[in-house]
Q: 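The structure that follows is given in the form of structure tokens.
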There are 2 protein chains.
Amino acid sequence: MGDRMTELEGAVLGVIWSLGPITAYGVVQRFAASTTRGWSSSTGAIYPAIKRLTREGFIESTPELEDRRSTRRLTLTEAGKTALRDWIMGLEDWMGGSAVDPVRTRMNYIGILSRAQQLALVEKARGNARRALDEIANFEPDPGHHREGVAIAARGVQADVEARIRWLDQTLALLER
Amino acid sequence: MGDRMTELEGAVLGVIWSLGPITAYGVVQRFAASTTRGWSSSTGAIYPAIKRLTREGFIESTPELEDRRSTRRLTLTEAGKTALRDWIMGLEDWMGGSAVDPVRTRMNYIGILSRAQQLALVEKARGNARRALDEIANFEPDPGHHREGVAIAARGVQADVEARIRWLDQTLALLER
DNA sequence: GGCTCCATGTAAGGAGTTACATGATTCA
DNA sequence: TGAATCATGTAACTCCTTACATGGAGCC
């Protein structure tokens, strides 16, 4: 792609690289199963993305002959691997600061709420975070060929959610005081 | 709005509530100045959002008479305040887990990189995070009428980025070993 | 035979991005 | 007077979401 790839396109290349040969449907399932909420997992996003990436020559699509569904197995071409590397290394300067987060965004404006509502909001957020942490703990990744990166990312998610819970606990103590 | 508001719309209501009366241009500047990267701050997103919210009756727009630019000061209507409260309290179950993050996403696929590239990536991410932390430390929020929420959100951002740096430090140690 | 899952797609609509256009005000 | 900033907006484009459509495979 002459211009930069979207996060979805990059992630699709990554999934095909680590889990491929895989069907487009499999890619969709993979996104749906992610513990990280916010991934689309909608066919209306992923199929067109795969089509674009195929058109660029990054994905090779070979039909499964023993299946009369129009099943096709996807793998990365050499150009696709290069594109994946470039996408990963093309981390922008602003990435790695704090991303937009729906909980923090809302927290800015809790002054408009009653104290009871504020407490309810923070407790709800903490409940959400705890549930997410459980989900992460129980999650076992697909047996892809390359586990190291997945394990590192998983620790990142965990550290993130744990820090959030500590923050919410402090906030709760502050508001209850 | 019959259907749910977007994050941008909610945040716009929040900014107008906490900083208003404020011009649309001022709202744009406020987003641009945010330490949280990922906010649009594009007129092509914010002006139409304000238009939608005005159409819904959430924003009142009064022309500034002593200014021949078409300057208008925005404030929230009562319906707008209710909508802001509903948006804040309408935190979905999945919010508060981990959001999509460009650094973590890429980390999943570092297996395709050489060890040198892996180290470069992690170091770059850590540099980004450190810079973000500095920016947060030096940031002083606008003197809005309601500081408590802003202070809480700021602590959240700080905790988030600090956790990220610890994670990246560990990852670096792991990869260098 | 019917239900569930596998598998691939498209159509309509909405929201955000980039880039452009226009003009007033302020300050050196 | 010229440049930077204040101030409002639109047009084209891209991508994502929701919803729908279609049909084969596997299992009870």
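Lettering of chains follows the sequences in order, A, B, ..., and the numbering in each one begins at 1.
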Q: In whole Å, what is the span from the CZ atom of B/R4 to the C1' atom of C/dA15?
A: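 Atom CZ in B/R4 sits about 16 Å away from atom C1' in C/dA15.
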Q: Answer yes or no: is there an ion pair linking A/R115 with B/E148, defined by an N-O contact shorter than 4.0 Å?
A: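 Yes, A/R115 and B/E148 are salt-bridged.
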Q: On the nucleotide C/dC6, are OP1 or OP2 found under 4.0 Å from the side-chain N or O atoms that A/R72 carries?
A: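 Answer is no, no contact under 4.0 Å.
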Q: Considering only D/dG9, D/dA7, C/dT8, which nucleotide approaches the side chain of A/Y47 most closely?
A: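 The listed nucleotide nearest to A/Y47's side chain is C/dT8.
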Q: Please state how far atom CD in B/E64 lies from atom P in D/dA7, giving the value in whole angstrom units.
A: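 Taking CD of B/E64 and P of D/dA7, I get 9 Å after rounding.
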Q: Spell out yes or no: do the side chain of B/S42 and the base of C/dG16 have one donor N/O and one acceptor N/O closer than 3.5 Å?
A: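 Answer is no: no donor-acceptor pair is held.
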Q: B/K51 has a side chain; which of D/dC16, D/dT10, D/dC15 sits nearest to it?
A: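 The closest nucleotide is D/dT10.
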Q: Is it the case that A/R155 and A/Q158 place a side-chain donor and acceptor less than 3.5 Å from each other?
A: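 A/R155 vs A/Q158: no donor-acceptor pair found between side chains.
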Q: Taking the nucleotide of DNA chain D with the nearest heavy atom to each, does A/G44 or B/A24 sit closer to the 5' end?
A: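 Taking each residue's closest nucleotide, the earlier one in sequence belongs to B/A24.
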Q: Does a salt bridge link A/R126 with A/E123, judged by any charged N lying under 4.0 Å from a carboxylate O?
A: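 The answer is no: the pair does not qualify as a salt bridge.
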Q: Measuring from the side chain of B/R52 (C-beta onward, heavy atoms only), which nucleotide among D/dA19, D/dA7, C/dA15 has the closest atom?
A: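 Comparing D/dA19, D/dA7, C/dA15 against the side chain of B/R52, the answer is C/dA15.
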Q: So does A/Y25 get a side-chain nitrogen or oxygen closer than 4.0 Å to the phosphate oxygens (OP1/OP2) of C/dT8?
A: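 A/Y25 to C/dT8 OP1/OP2: no side-chain N or O under 4.0 Å.
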Q: Quickly work out the A/I22 CD1 to C/dA7 C1' distance and round it to whole Å.
A: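 My rounded result for the distance is 13 Å.
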Q: Output the single nucleotide from D/dC6, C/dA7, D/dT10 whose closest atom is nearest the side chain of A/R73.
A: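 Closest nucleotide to the A/R73 side chain: C/dA7.
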Q: Nearest 0.5 Å, what's the CG-CG distance between A/L53 and A/L13?
A: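 Atom-to-atom, A/L53:CG and A/L13:CG are 5.0 Å apart.
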Q: Check every strand shown and say whether A/T43 touches a base, only sugar-phosphate, or nothing at a heavy-atom separation below 4.0 Å.
A: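 If one applies the 4.0 Å heavy-atom cut-off, A/T43 turns out to touch a base.
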Q: Considering only side-chain heavy atoms of A/A45, which listed nucleotide, D/dA7, D/dT17, D/dG9, is closest?
A: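 That would be D/dT17.
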